[in-house]
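Every number for a ligand or one of its atoms is a count from 1 in the order of the listing. Just so you know, these numbers come straight off a predicted model, no measurement behind them.
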Amino acid sequence: MTVIRKLAALRKQIAIWRSSGETIALLPTMGALHEGHLRLARLATKKCDRAVVSIFVNPAQFAPHEDLARYPRDLKADLALLDDIGIDTVWAPSLAQVYPENFATTIVPAGAALEMETQFRPQFFTGVATICTKLFTQVTPDIAIFGEKDYQQLQVIRQTVRDLDLPLKIIGAPTIRERGGLAMSSRNVYLNAEQRALAPMLYAQIKTIAGKIAAGGRIGPAAANAAKALTKAGFKVDYVEVRDAATLGAVKTRGDRPLRVLAAAWLGKTRLIDNCAVK
Ligand code: PAF
């Protein structure tokens, strides 16, 4: 496995692969890799001839008061994990490679980016859409893989790729969960024992909402009851929403289109997000 830190070296490597007709998969990450990432990385090795994992903690998607400084970083451990599963190249650019002096262009997504995460993290999707567009133009992958755990992010990236005619396919991969149902996340390391015990309740409530709606229940009361139950148990709820699964637009009734339940809530200083489909 090669670790590349300079764009010129990355482009040289990509050109060699392309000249022999090989296809390329990209898995964008911010490191602190866990089993959820590793499943996506294994998928990348299966889908294309070459698999690139990017590791870059992107400051542009953190607000000043957020956890950028304490975000878990362990490049050595990440590289050891990736080497074991047959990743060809890790793209680990420096901050100066990604945001050189006088960097002044951003992608500002609307549509699927409006509301939910954006209400609480206004800078987030501009940061994500900008870095992902850069990663796509740097690596020029045939496919890029994103976990469904960050479902709004996945839909925003799909929208960006479609709107800008970026020549790659976005693959959404199912959320990997711990026993008990908690979605795997790099931020789970922040949870203390008590919070960890409570955390699976978020997904349990999301599934309860999905089950009620699938059985013909009303959307508004199902979401409101779940938010109430989470608050009572000690979560600070940012949102519990039922949305059109593709556009993430608001919905009041079941209708024919696929729906998604999405929620974000705090346990102490740790923010958890999760979602599931209404079947
Ligand atoms: O999901 C993440 O880890 C990040 O938002 C991403 C997609 C790597 C962009 O920095």
Worksheet item: Looking at Y190, does the NZ or CZ of R271 lie under 6.0 angstrom from its six-membered ring centre and within 45 degrees of the ring axis?
Response: no
Near I131 (heavy-atom distance under 4.0 Å), the atoms of ligand 1 are 9 (C), 10 (O)
Ligand 1 to Q153, heavy atom cutoff 4.0 Å, flagged ligand atoms 1 (O), 2 (C), 4 (C), 5 (O), 7 (C)
Note: T29, heavy atoms under 4.0 Å from ligand 1, region reported as backbone
Shortest non-hydrogen pair, L40 vs F146, comes out as CD1-C, 4.4 Å
*Kindly indicate whether the side chain of V251, heavy atoms from C-beta on, has any atom under 4.5 Å from the side chain of V242.*
yes
for atom 10 (O) of ligand 1, nearest protein heavy atom and its distance come out as Q61 OE1, 2.7 Å
Looking only at protein heavy atoms, what sits closest to atom 3 (O) of ligand 1 is M30 CG, 3.7 Å
Nearest heavy-atom approach of A183 to N188 is O-ND2, 3.0 Å
One finds that the ligand 1 atoms under 4.0 Å from a non-hydrogen atom of F146 are 7 (C)
Beyond-backbone contact of L68 with V57, side-chain heavy atoms, under 4.5 angstrom
yes
